[in-house]
Amino acid sequence: MIYQLPVLIVVQLLLGSFLMPILGRFRNQLIPYVSLFLMGLSQVFSIILLFRVVREGNIHYHLGNWAPPWGIEIVADLLGAYMAVIITGIGFLVLIFAWRDIQREITYSLRGWFYTLVLLIAGAMIGMVITNDLFNMYVMVEIVSLCGPALVAIRNDRLSVEAGFKYLIMIALGSGPILFGIALIYMITGHLNMTFAGQEILAVIQEYPRVALLAQAFFIVGFGVKAALFPLHVWLPDAYTSAPSPSSALLAGLAAKAYIVGLTRVLFNLYGIDMLATTPLFTILKVMAVAGIIMGSIMALYQKDIKRLVAYSSVAQIGYIFLGLSLVTGFSVTGAVLHILNHALIKSMMFLCCGVIIYQKKTSHIDDLGGVGKEYPITMICFGIGAFAMVGIPMLNGFISKWYISLGALEYGGLAGLMYLLVIILSSLLNGLYYLPVLIKAFLGGDSQKETVIDKAPITLILPIVVLAAGIIILGLLPFVPLQIAADAAQHLLGQ
Amino acid sequence: MVQGVETYSHLPGLVVLIPIIFTALVGIFQKRSFLLRNWIFITGTALTFALMAFLGYYVLQGRILVVNYLVAMYPFTITFRVDTLSFLIGVVAAGVWLLASIYCMQYLKDDHSPNRYFPVHIFILAGSLGVFLAGNLYTFFLFYEVMAFSGYLFVIHAETPEAFKAGSRYLMVTILSGILVFTGVIITYQLAGTHDLGSLGIIPEANVVSLIAFVAFIIGFGFKAGLFPLHTWLPAAHPVAPSPASALLSGILIKTGAYGIIRVTYNVYGLEMMQDTGWPTILLIFAAITTLYGSLAALVQDNLKRRLAYSSISQIGYILMGGALLTERGLAGDVFHIVSHATIKSTLFLTAGAIITKTGIKYVSQMAGVGRKMPYTMGAFTLAALAMIGIPPLNGFVSKWALALGALDAGQPGYAVVLLISSMLNALYYLPIVILAYFRKPEEGTVLYGDMLRYDEVKASMLIPILILAVSLVIFNILPVNLPLVLAEFSARALFQQ
Amino acid sequence: MRMQEILILKIVVRFIIPFIQVYGFYVITAGHLSPGGGFAGGTIVAASMVLYALTFDASQGLEKLSHERASLFESLGAIWYVALGLLGVLVGGNFLTNGQIGIPLGTPGYLISGGLIPLLSFGIGIKVAVTVVSLYYSLVEED
């Protein structure tokens, strides 16, 4: 039974999402409960899967009982199971939040579709990170790519639809290169299975060096657009700002990371470190990552809307993760993988906090936020915890990943390593510079001009935020389990 | 005494934990009744001090108390390590904190948001003790950041525009200091493979990277300590805070920066490497500049608390000089001056606060006649001022003497001259206040004119801590065994072991 | 357009649609024997519905296949597919296992062969048909 888990998790989420329209026709009120149940069940399964993989190693699953290279192979390895736990866990909390929140943000007829999309995107994200077949990955990528803009535009007002449309176009522009890259790989290796293709590519690289390089470039551009790697990130601020808060939480916290993991699988499992080291790939990624970190943080300084601020901050953090991955040292990749978890927690929580503020005050403009801290202390304290975690205060999880990526930069060595360390340090500084004024305004500012629309936020809005904040603190003090998993996953990726 | 027997004990952890627990208790009960809150508050600080003093029982036997928490999370283990240096500074910090706590109950009786002040007051105690008792750089950094960011709430307490401006500067400095110290810590960990503070030098070799880390440490800690030219936040922040908070800010919190530099110099880099490379020279020069600059700037300040703040900057220069001289007597003087300055400056700030409370006087030029009105307060002020200038048998004299000897030991008599000049400048800006307070009659139009000159001291709960502090300036130096001095010399010797 | 031309169109379309649909179903069900399968066949069936909606009115088309019913069929098609896949899991194999768990595969070349595949095609065919039609209606509605 456990053996079936990888597929089961994806299938049950997909099945659930198909079920929603039917439920919508007959028993509308059941929709939130069923989706919550399914997501929770998937979370349980993912945790079981993670334990199994940690204890006994990867699960190789052959769809249709056909062995590769004829069948589609799914490999639930450490990284995949880790991502599955994160995706379902945060998905669960976001669904709890969304229950009440979308009643304010989304019109009645579209609410059922929200749950459909959430289950669908969750299932597809998990599918993306555990598959070992290139074309299967492409299918999953496409599903996520289509659900994303839908989740943005579901609010059905002018800004959201425009942002969703922009998102759709950019992300479609990304899909083309990915498909083309896959086609090129298939052309030179004759395989769609990543392991087999990886072996083949070693053999044929002499004959087709440029083709392999071209495929790499396509993959980076394609996945880069979707993952919001600078300078391909331009859709992100509008999309995350106009989307309903639970969507932003999901997309910022999970979708971007899923694409990064997808890219990682293609690059590290297919190509392998040694081959990649001969190409300028990592240098390019490093430069883009650094640019993302700096530009994202600088842009965030100028924002007046709190969701936009958090969105630009995401661009910077995604740059962090890319930097960790492209430095290709044990410590830095560990830090990057860990930061996937940490940032997912932090960013989702911060978007949910913004959601609470918008729910209560119907505004997200920073100048209107004076004194919000006194009215909703719990929410703003959690936001503060998130902000400090981004700056990298010890005792919070952001510090741990920052530590490891910094160590990675130093391990990389030389003047360049010190420069990267400087970039990381600078980004902490900039993080502080744009988050702390918000906090100060919220707690110590005068009273907000906007009147409160609703007095008390429902507990279902606050609870997920508190759980996530608790997670941030706990992982900051006791990071052992995720740290170990991240370190092992890093070892696997680096081929040791 | 037998040197350095490591003993496992949970007491250091307890010392840091108790203030945290009491923060929560104060926070919970303060809405119910002021009296209850006050009692919890005093109990908390008193208990911490008592426990801290109890640690002395072990330390005086030559033991070093060590405890590790969260070992499984290596390298993120929280380690406490109480050696003589930690104990001395810690116990003085806890003591000053206790006295400031007694003082602030009365001082903040009519404050606008006591519910914010009291919990923060205790919480920062936990942070500071955590810094002083830290056994590895991670623990140090953790409590350093916690303490520094919480200190922001001290600075902006009055919620006036000046307070917010000072607060923004403080915050900027805190963030910068934090990231620079982090740079130092991470490079240290990379080079040394460990961040334990228990040995006398963990950096393997002196190269560009370790130099960068050293500079990062110096600048990072220098921000916090008030080293020139990183001091600009200090004169804005210390006056703006409530007086007991100013006392703690000047007396203890900036010492964490100095303490950090000492630990980095002697425990992370080690005496040998520092002597070989001569890197501390840069620190020495800036410390000397700080000393002179602080004193000169203090001369022209009319706001009393601002003058005291610049004086603190000058004194931090002394302390950093002592550490950078790399001689045993210099370090002993350094450590002893940390202790003496803590007590002296706290006395000064608390008296300034008393004067503000009773008369509303903030400016030196208006202080004519205060001595008649509040003789005890002014008496304490005078004693502290004399100690600062360096008159025997007060503790300020002892530390300056040790520092001067240290400078001569290092073959740098120039710095002894700097000390001398600064002492003279100290006299120039402290004595006029005393003279004005006692010997001038208040003019017409000033606050204390005529009728206001009656004797009218502050309440006992504010006066007693002031007097206790004042007595402490003298008493240890008269007793046959000058306990703080002995401990300071001992801690210096421990760091100089080969 | 003039009355006669519309009339011609309507009569001809009324004739042709069933044939188109039959052909579409043929493509779906013979998917495992000849090129086509669920996707292509489904699209052909959808084309027939779209033709109807074009010739007559979109609203008439909607009467034949309302939005809710379309959603229902869509979901049913997808669920059908997944359920078939899970069949394999229930019996002990992997997802979407075909002959290896004992589904009779028959002889290649005959209509009833290939085990699971024609059933899957059927599900896909329905889903695709309904989806394409819904898309068309969404585009035309301008709502």
Side-chain angles (χ1 to χ4, degrees), chain A residues 1-28 31 34 38 45 59-68 70-74 76 107 109-110 112-113 115-116 119-120 123 127 130-131 133 136 139 143 146 150 153 156 161, chain C residues 32 37-39 65-105 114-121 123-124 126-128 130-135 137-139 141-143:
Chain A
M1 170 56 179
I2 293 198
Y3 182 68
Q4 303 291 336
L5 272 182
V7 167
L8 217 53
I9 298 174
V10 178
V11 163
Q12 89 185 9
L13 285 173
L14 292 182
L15 196 59
S17 89
F18 299 143
L19 217 53
M20 290 299 138
I22 300 183
L23 272 184
R25 177 92 189 276
F26 298 111
R27 284 263 187 283
N28 208 342
I31 290 185
V34 174
L38 283 174
F45 284 163
I59 295 184
H60 290 261
Y61 189 94
H62 304 146
L63 269 188
N65 265 109
W66 291 110
W70 299 279
I72 297 178
E73 186 188 18
I74 292 184
T107 57
S109 52
L110 292 172
W113 289 110
Y115 290 97
T116 314
L119 289 176
L120 198 54
I130 58 175
T131 182
D133 181 279
N136 193 322
V139 171
I143 299 180
L146 290 174
N156 222 2
V161 172
Chain C
H32 56 293
F39 294 98
L65 188 64
S66 63
H67 273 301
E68 291 91 39
R69 217 185 274 174
S71 286
L72 200 61
F73 275 117
E74 245 184 295
S75 310
L76 280 177
I79 294 179
W80 172 258
Y81 189 104
V82 176
L84 283 175
L86 282 175
L87 201 65
V89 177
L90 287 173
V91 182
N94 287 349
F95 189 69
L96 276 185
T97 320
N98 200 348
Q100 297 174 15
I101 47 160
I103 297 184
L105 286 179
L116 214 47
I117 299 181
L119 296 170
L120 292 175
S121 290
I124 295 180
I126 292 190
K127 184 172 189 1
V128 171
V130 171
T131 306
V132 174
V133 175
S134 304
L135 274 176
Y137 288 149
S138 300
L139 285 173
E141 258 166 33
E142 298 176 15
D143 220 51

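Letters A, B, ... mirror the listed sequences (proteins, then strands); counts begin at 1.
Note that the CZ atom of C/F95 and the CG atom of C/L87 stand 10.5 Å from one another [nearest 0.5 Å].
Within the 4.5 angstrom heavy-atom criterion, no atom of C/L116 approaches chain A. With a 4.5 angstrom heavy-atom cutoff, A/L8 touches chain C only via side-chain atoms.
Ranked by heavy-atom pairs under 4.5 Å with chain C, the first of A/L19, A/L63, A/L14, A/I74 is A/L63.
A donor-acceptor pair is defined here as one N or O able to donate and one able to accept, closer than 3.5 Å; such a pair exists between the side chain of C/S75 and the backbone of A/F18. Panel note: side chain C/S121, backbone C/I117; a donor-acceptor pair is recorded below 3.5 Å.
Below 30°, between 30° and 60°, or above 60°: for C/H67 and C/Y137 the angle between ring planes is above 60°, a perpendicular geometry.
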